Every structure is written in structure tokens, then in C-alpha cells.
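Reminder, nothing fancy here: chain letters follow the sequence lines and each chain counts from 1. A quick note: this is a predicted structure, and the numbers were derived from the prediction, not measured.
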There are 2 protein chains.
Amino acid sequence: MGVKIADPLLMREINKYHVLETIRHHGQISRVEISERTLLSGTTVSAITGALIEEGLIQATHTQVNGESQRGRPRVLLGLVPDAAYVLGIKISEAMTTVTLVDFRGESVSSVQLPVRLARQPAEVIADLIEDAMDDCVNKADIDRKRIRGIGIGVPGLVDPRSGKSYSSSVFGEREVPITSLLEGRTGLPVKLEKPANLMALAESWFGYAQSERSFAVVALDQTASLGLWVEADLHRGASTLGPTFGHIKVGGAGVVCECGQRDCLNAYVSEAVIRRKAADAMGPDFLGSAAARADLKQALADAAVTGNPAASALLAELGEKLGVGISHIINLINPEKIIIALESAQLGEAMAPALRAAAEANSFRAHFATTELIFHTLDDQLWARGAAALMLRDIYSAPWTPAY
Amino acid sequence: MGVKIADPLLMREINKYHVLETIRHHGQISRVEISERTLLSGTTVSAITGALIEEGLIQATHTQVNGESQRGRPRVLLGLVPDAAYVLGIKISEAMTTVTLVDFRGESVSSVQLPVRLARQPAEVIADLIEDAMDDCVNKADIDRKRIRGIGIGVPGLVDPRSGKSYSSSVFGEREVPITSLLEGRTGLPVKLEKPANLMALAESWFGYAQSERSFAVVALDQTASLGLWVEADLHRGASTLGPTFGHIKVGGAGVVCECGQRDCLNAYVSEAVIRRKAADAMGPDFLGSAAARADLKQALADAAVTGNPAASALLAELGEKLGVGISHIINLINPEKIIIALESAQLGEAMAPALRAAAEANSFRAHFATTELIFHTLDDQLWARGAAALMLRDIYSAPWTPAY
DNA sequence: GTCTTTAATACGGGATGCGTAAAAAGTAGC
DNA sequence: GCTACTTTTTACGCATCCCGTATTAAAGAC
């Protein structure tokens with residue numbers, strides 16, 4: 001069915017949602033303009049904004065002289081109340097754990113980064129770590145803890161948002177970690193879990209390049225390649241609720257065996273471990289030991305490529321080519337309006353882009369390639385963490401017409 | 001946004017839609033049961049069914065003794081009025097053109113099949129052909145022509161539902177044929193165009209194996225391989241509105257060049273032309289000339305395989321394997337609840353299934369493969385044509401909450 | 001023929017959105 | 001500084017919708 005039975009209360013909720021979304025999107029907006037944009041009558045907009053003010057979600061900020069005429073009663077601009085709610089966004093990865101406190105508008109209030117290398121740690125240890133970081137983050141911001149409404153968290157590896165469990169993640173020692181219930185138990189707050197690529201997708205949809213797209217994809221290249229898919233105005237999770245698999249999609253090639261046992265998986269060409277091995281061969285024995293490569297391998301390769309190292313260029317071009325083949329599958333099957341390739345640095349994008357675009361074009365149907373825009377976006381820890389927060393914010397803004405997930 | 005602003009009229013329309021859908025789905029159903037299933041109050045259901053009866057869309061059929069008790073006032077069963085509307089569904093393919101007249105319930109009323117081989121015919125000739133077939137079909141049924149509300153049509157090749165044009169289809173001589181406006185001009189009826197796989201998807205969703213799925217895919221193997229994708233309760237058309245490309249997805253292999261110029265496209269292994277060439281090599285020179293092979297090549301191969309011909313078995317197994325690889329991409333990226341493989345015969349399914357399943361499993365991520373069900377469905381001209389009709393019926397039943405496409 | 005049971009329909013209450021009219025809140029001009 | 005004007009915002013009345021309860025309708029049970 002897709003849509004709930006309608007009754008007057010739902011009607012009001014739907015319109016309230018539209019008004020709140022309009023305000024969120026525009027930051028500061030007058031009642032008249034809300035009315036124009038939503039097509040709701042002025043009367044209704046007044047009633048709804050009145051209720052929202054009552055609830056403490058929005059407030060009158062200042063008045064604005066109207067458009068051109070400069071005459072008549074000035075419009076009162078309405079905006080979200082920043083501290084109507086706070087949400088914590090957490091990003092865990094092998095090299096860095098980031099905690100960000102986000103206000104009701106989605107703006108970052110404070111942030112804590114832990115440059116701790118995690119690999120196969122006991123879940124309890126990581127939970128301790130996160131708990132401390134959250135405390136720091138909240139203390140720094142000096143806000144009322146009661147206003148924190150929940151936690152969104154992104155964990156690398158296989159993640160099931162429905163059960164809230166993380167499976168065989170490289171950061172955890174255990175194979176299966178009920179990360180949400182672990183954190184819920186410690187904090188008493190609702191916790192939502194997603195895979196990083198889905199958080200990126202959420203972030204792009206709320207704050208980034210995809211604010212009004214019906215369908216787009218985010219390809220993230222971190223330890224492995226992963227994919228977040230946004231279809232029909234929502235994350236696509238598929239039948240398993242695990243979200244799309246991108247790292248194990250087949251990209252052709254020499255039949256290289258992936259660690260999953262299958263052949264020619266994308267990850268068999270682009271995962272961090274594989275790149276490390278190839279870099280050792282191609283760049284000489286000293287490269288891996290260099291400070292730059294130890295800090296960020298791909299970044300070091302990109303720097304080398306930019307400064308004219310042919311081996312580094314060739315390696316990154318191969319990376320781009322394999323990613324491009326994988327992306328061609330997305331273009332052929334889904335043909336989203338945009339595919340956002342999230343990378344750690346702009347140099348990396350420059351080094352990979354030509355080969356990636358060429359491979360994508362060479363392997364996808366022309367009409368589809370022409371309508372899907374490829375965008376390179378420097379991956380930003382803050383944005384990512386804000387995506388995690390948006391995961392929880394979504395619940396507060398919840399679209400009322402679809403039955404609960 | 002995705003959903004319209006709500007007002008009382010929309011509210012009523014939404015609930016009306018739900019009631020009508022419930023009646024359509026159940027065939028015969030009492031007001032009480034509608035109320036239970038939709039969660040609308042009895043009062044509202046009475047009001048809505050009253051209006052629907054007024055409009056002539058539904059009618060009281062007969063009364064039913066209530067559930068167990070056999071006591072009390074019997075329930076009046078409501079059902080769709082079959083001749084509230086009629087729709088024509090047309091399927092054009094190279095070997096056969098089918099026209100089906102479908103009533104408001106989606107039941108086929110009459111059908112005409114033209115076993116005419118079409119290849120690069122002028123559009124006007126085909127339009128003449130179709131017009132005659134439609135006339136025959138309507139005359140056979142002896143209904144009021146004024147009740148025909150529209151035409152849904154499926155044409156092989158590249159098809160743009162938005163512009164209503166067919167591009168480089170094997171049946172048309174011209175590269176670009178504005179098929180909808182051509183037929184609209186001749187009949188004065190609204191015409192909607194889709195690619196066959198999308199019509200199959202629509203048929204499966206309305207009448208077939210996917211009546212309550214949120215997401216599923218239909219893989220059709222006709223002259224070429226094609227794909228219809230159903231995501232979030234609607235056909236997924238993508239940014240180009242052309243729908244997914246399946247025939248040109250890359251499935252690995254020996255680097256065989258496809259007619260599109262790229263390498264290792266699925267079609268380079270499974271299209272009718274390719275199979276014909278391979279069958280000539282593998283089955284000996286007489287095979288292609290045989291009556292069975294001339295009538296239906298793949299069917300002839302399947303028959304041979306079933307009776308123990310190893311060359312035919314091997315050929316079909318290779319077909320299945322390549323399709324399986326293509327399907328693994330669907331599983332990995334979309335992970336729909338079901339993938340329905342529409343084939344021309346059950347024998348063909350038997351001959352290809354093992355290799356197809358094996359290849360799909362070997363190339364897709366385990367958790368995703370486990371949650372996506374593979375179903376073989378014998379492709380049925382009638383069902384296909386009913387799908388074409390459903391394309392138009394959808395408009396009559398139109399879901400009111402989404403803005404017009 | 002009356003009683004019991006269940007289905008379907010009026011009726012009143014509550015909530016919503018819309019259009020119009022009135023009030024509010026500024027600017028422009030003198 | 002006051003008045004006229006313009007535009008925003010709110011108040012009021014009306015129409016529509018859904019829901020819960022009471023009432024009527026239509027059967028079988030006795």
C-alpha cells in the first residue's frame with residue numbers, strides 16, 4: 001500500500017511535516033513564503049506555525065522588510081529553535097573515531113575526534129571509548145543533557161539496522177556485536193545503526209549535493225568500497241535490510257580471488273589491504289614505511305601521483321578503472337540522477353577521475369550514462385557524523401504518511 | 001517531497017483508493033471486512049462504498065452467510081463492476097502481436113493474436129495492423145466502445161514512456177517512432193507505452209507472484225534480456241525514464257564484442273541472434289532449418305536438452321550461467337525480495353535453472369542471495385498483455401497522494 | 001410470530017483546511 | 001508627529017472529512 005489511511009490528525013501531521021521541512025530547508029522563512037511554497041493557505045500556515053512555536057520547535061527570529069516594495073507590514077521570519085533537540089552522531093572507523101553533537105537544525109555544536117587505531121577490539125572496550133568521547137563532546141557544548149534525543153552511529157563492515165547488530169566488522173573483536181543495545185543500555189538513549197555509505201547518503205540528502213534528488217547513490221571508498229542507495233526519497237535497504245553490496249560486485253579482470261572466496265570482487269582490487277600490497281610492489285620497499293603512507297596510504301599515493309610519480313598514477317588509475325566498472329553497474333541497473341563518489345581528498349579524486357569516468361562510460365549504456373551525473377566529493381568526517389545524526393533527526397521530523405519501518 | 005499537501009478532499013481520495021484496492025484485491029468482500037482490513041471505521045467504509053456504487057465502479061453482488069455463527073444479518077458482498085471500464089493491452093514482438101481487451105477487474109475479455117513476423121516495418125504499416133487487431137478484439141467482445149478508456153502498449157527495444165517514443169526497435173523500420181501519438185491520433189484514446197519487462201513487472205504486481213512485494217525484479221528473456229524493476233511500490237524508471245538496462249550489463253567472459261560496440265554485454269551471450277549462431281555451430285547444420293527451431297529457437301533447444309542432447313544442454317547452461325551473473329548484480333545492488341525470471345516455457349527454465357542459480361550464488365553476497373528469492377515463471381502472452389492493460393488501469397485507480405508523474 | 005444476532009446506516013461531535021474580513025504592524029508623505 | 005497606505009497575520013464562518021454511538025435492517029433461532 002505504501003500510505004496510511006487518512007484521518008484529520010494525519011492530515012494535520014502531513015501538513016505540519018511539510019511546513020517544518022520547508023522551514024528546515026530555508027533556514028529563515030516568513031509565513032507568506034511558506035504558504036507560497038507549500039500551497040497551503042495562509043490560515044493553515046499560521047495555525048501550524050502557531051502549534052510549532054507552542055511546541056518549541058520553531059521561533060520568530062527577526063523581521064524582514066518585504067521583497068521590493070519596502071512597504072506594508074514586515075514579514076516575521078521563522079526559524080528552527082536550535083536547542084529544541086540534540087542528537088549525537090558517531091562515526092567509527094579503523095583509524096579514527098568521531099563523535100559530533102548536532103542541534104535541531106543539523107548544525108554541529110561540538111565534536112570530538114579520537115585518532116585511535118581500532119582493530120579487532122572487544123566491543124566493551126570500544127563502547128567505553130565511545131561513552132567517554134560522548135561525555136567529552138556533550139561537556140564541551142555545555143547543553144542540557146536531557147535535550148539529547150538519540151544517537152546515530154556508523155560502523156564499518158556488515159551492519160543490520162533492523163537488529164542493530166554489527167557483523168564481522170574489522171574494528172570489533174567479536175563476530176557479532178549488538179552495538180545499539182550496548183549503547184542504549186549505557187546511555188538510556190535510542191540508538192540507530194547504519195553502514196557508513198548510508199550515512200553519507202543521508203548527509204548528502206540532508207545537507208549536501210543531493211538535497212532535492214529523487215534517486216542518487218553514494219560510493220564511498222574507505223577501507224573497502226561501499227554503496228549507499230537513495231531511491232524514491234528514502235534509503236534503499238533491500239530484502240536483507242543490509243543495504244546494497246558494492247565491494248563484492250564483480251568487475252571483471254584476471255580472476256583475482258577476494259577474501260570472501262569469490263573472484264573479481266571490486267574489493268579484490270580496491271580495498272585498503274590490496275592497495276597496500278600493490279603499493280609495496282610498485283612504489284618500492286621504502287614507501288609503505290614512510291610517514292605519509294602510514295598516516296594515509298591513498299592520500300600518500302595521490303600526492304605522489306600529483307607530483308608525477310608514474311607508478312602511483314598507474315595504481316590509482318587502475319583503482320579508478322575498477323571503481324568505474326562497478327559504477328557502470330549502478331548506472332545500468334539504477335540510473336540514478338547522481339552518483340556521488342566520496343573520497344578522502346581532492347587529489348585522490350583528481351588522480352582517479354579520468355580512469356573512473358572512462359571505465360564507467362565504456363561499460364554503461366549511453367542514454368543512462370548521459371543522465372547520471374558523476375560527482376566527486378571530498379569525504380569529510382564532520383559531514384559523515386552529521387549524517388549519523390540525521391539518522392536520528394529523521395525520527396523527530398518523521399514523515400507521517402508511511403507506516404513505521 | 002513525495003507526498004501532496006493534505007486537505008479533506010485528498011483525505012477522502014486516499015481512503016477511497018484504499019477501499020477500491022481492497023475490493024480489487026479480494027474480488028468479493030463485505031463492508032465489515034473492508035473495515036477490518038483498512039482500519040477505516042464502518043461508517044466511513046459505508047460512505048465510501050456508497051459513493052463508489054454511485055459512480056458505478058462497484059456493485060453489490062450477493063449476500064454471504066457470515067463467518068461461523070450463521071446468524072445475524074448477512075453480509076453484502078461488494079465487487080468491481082466488470083464493465084465500469086475497459087482497457088486494451090497490446091504486446092508487439094517480432095514473432096507475434098497480441099491484443100487483449102481487459103475489463104475493469106483486469107480480466108481478459110477477448111484477445112487477438114497475429115502471428116506476423118515483424119522486422120523493420122514502417123510504423124504506419126504496424127499501426128494499421130494494430131488498429132485492425134484492436135477492432136477485431138473489440139468486435140469479438142461486443143461491448144460499448146465508449147467504455148474503452150485507454151491503451152497500454154509494450155514494444156521491444158528502447159522505449160521512453162515519458163515521450164511515448166520507441167527508439168531503434170527491431171520491429172520498426174524507422175529509428176524513432178512516436179508510437180503513442182500515432183495510436184492516439186487513430187483511436188482518440190490515451191495511450192501509454194512501456195518496455196516489455198516493465199509490463200511483466202506490472203503484471204506480476206497486479207495479478208502474479210508479486211502482489212504484495214515492496215521490491216522485486218522481472219528478468220525477461222525474449223529477443224534480448226531485459227529487466228523491469230519494482231522499487232518502493234512503483235516501477236523504477238531512473239533518471240533517463242528508460243528503465244534499467246540489463247542487456248548491456250557486463251557479465252565477464254572472453255571479451256566478446258556486443259553489437260553496441262562494448263565488450264561482454266549480457267546480450268553478447270544471450271540474445272536470440274547470438275544463440276542462433278551458437279546453435280548452428282553446436283547442433284549441426286540441420287538444426288536451424290528444422291521446423292521446431294524456426295518456430296521457437298530456444299524452445300527447440302530446451303526440448304533437445306530435455307531429451308538428452310548434450311550440446312543443447314551445454315548451450316542452455318551457458319545461457320543460464322551468463323544470466324545468473326547478470327542477476328547477481330541485481331542481487332548485490334538491489335537485493336529485491338523476489339526476482340522473477342520470465343521464460344517462454346517451463347522446459348527452458350528447467351534447462352537453465354541449475355546453471356543460473358549456481359552462477360547467481362557464486363557471484364553474489366551470501367546474505368543478499370539468501371534473502372532474494374529466484375522464481376521461474378513461464379512467460380505468458382496473456383499475462384503480458386494484461387500487464388499492458390494494467391498500465392492504463394493504474395491511471396483509473398490512480399493513487400492520489402503522489403503528484404502526477 | 002417473537003427474540004437474538006449481526007450488518008449497515010443516521011446523527012452528533014471533533015478536527016481540519018479554505019476564503020473572507022478584520023486587526024496588526026510597519027512605511028511613506030505631509 | 002500624525003495620517004494614509006500597504007502588507008502580514010489572525011479571527012470567524014463554512015464545508016468536508018472521520019469516528020463513535022444509537023438506530024434501523026435483515027436474517028436465523030426458538
Donor + acceptor pair across side chains of A/Arg37, A/His26 (<3.5 Å):
yes
Taking 4.0 Å as the cut-off, does a side-chain nitrogen or oxygen of A/Arg31 come that near to OP1 or OP2 on D/dT8?
no
Between CG of A/Leu9 and P of C/dT16 the distance, given in whole Å, is 6 Å
Is a donor from one side chain sitting under 3.5 angstrom from an acceptor on the other, for B/Asn15 and B/Thr38?
no
Rounded to whole angstrom units, what separation is found between the CD atom of A/Glu33 and the P atom of D/dT9?
11 Å
Residues from residues 40-53 of chain A sitting under 4.0 Å of DNA chain D, heavy atoms only?
A/Thr43, A/Ser46
How many whole angstroms separate atom CG of A/Asp7 from atom P of C/dG17?
12 Å
With the criterion being N/O to N/O and under 3.5 Å, what pairs connect the protein with nucleotides 22-24 of chain C, and how long is each?
| residue | atom | partner | partner atom | Å |
| --- | --- | --- | --- | --- |
| C/dA24 | N3 | A/Arg73 | NH1 | 3.2 |

To the nearest angstrom, how far is B/Ile14 atom CD1 from D/dT16 atom C1'?
14 Å
Here's a test for you: under side-chain contact (heavy atoms from CB on, under 4.5 Å), which of A/Leu40, A/Val45, A/Thr22 qualifies with A/Ser35?
A/Val45
Partner residues of A/Ser41 under the side-chain hydrogen bond (donor to acceptor under 3.5 Å, both in side chains) criterion, sequence neighbours left out:
A/Thr44
In whole Å, what is the span from the CG atom of B/Leu10 to the P atom of D/dC17?
12 Å
OP1, OP2 of D/dT8 versus side-chain N and O of A/Arg75: anything below 4.0 Å?
yes
Does A/Asn15 have a side-chain nitrogen or oxygen under 4.0 Å from the phosphate oxygens OP1 or OP2 of C/dT16?
no
Using a cut-off of less than 4.0 Å, is there contact between a side-chain N or O of B/Arg12 and OP1 or OP2 of D/dT16?
no
Atom pair distance, as rounded to whole Å: NZ in B/Lys16 and P in D/dT16:
14 Å
Sequence neighbours excluded and cut-off under 3.5 Å, please list the side-chain donor-acceptor pairs for residues 385-393 of chain B, or say none.
| residue | atom | partner | partner atom | Å |
| --- | --- | --- | --- | --- |
| B/Arg386 | NE | B/Gly106 | O | 2.8 |
| B/Arg386 | NH2 | B/Gly106 | O | 3.2 |

Partner residues of B/Arg394 under the salt bridge (Lys or Arg N to Asp or Glu O under 4.0 Å) criterion, sequence neighbours left out
B/Asp234
Rounded to the Å, how far apart are B/Met11 CE and C/dG14 P?
17 Å
Would you call the rings of A/Trp230 and A/Phe216 parallel, tilted or perpendicular, taking 30° and 60° as the class edges?
parallel
Tell me, please, which residues at least two apart from A/Arg24 pass salt bridge (Lys or Arg N to Asp or Glu O under 4.0 Å).
A/Glu21
Rounding to an integer number of Å, can you tell me how far B/Leu39 CG sits from D/dC18 P?
14 Å
Exactly one candidate in B/Ile29, B/Val19, B/Ile48, B/Leu80 meets side-chain contact (heavy atoms from CB on, under 4.5 Å) with B/Ile58; the answer is B/Leu80
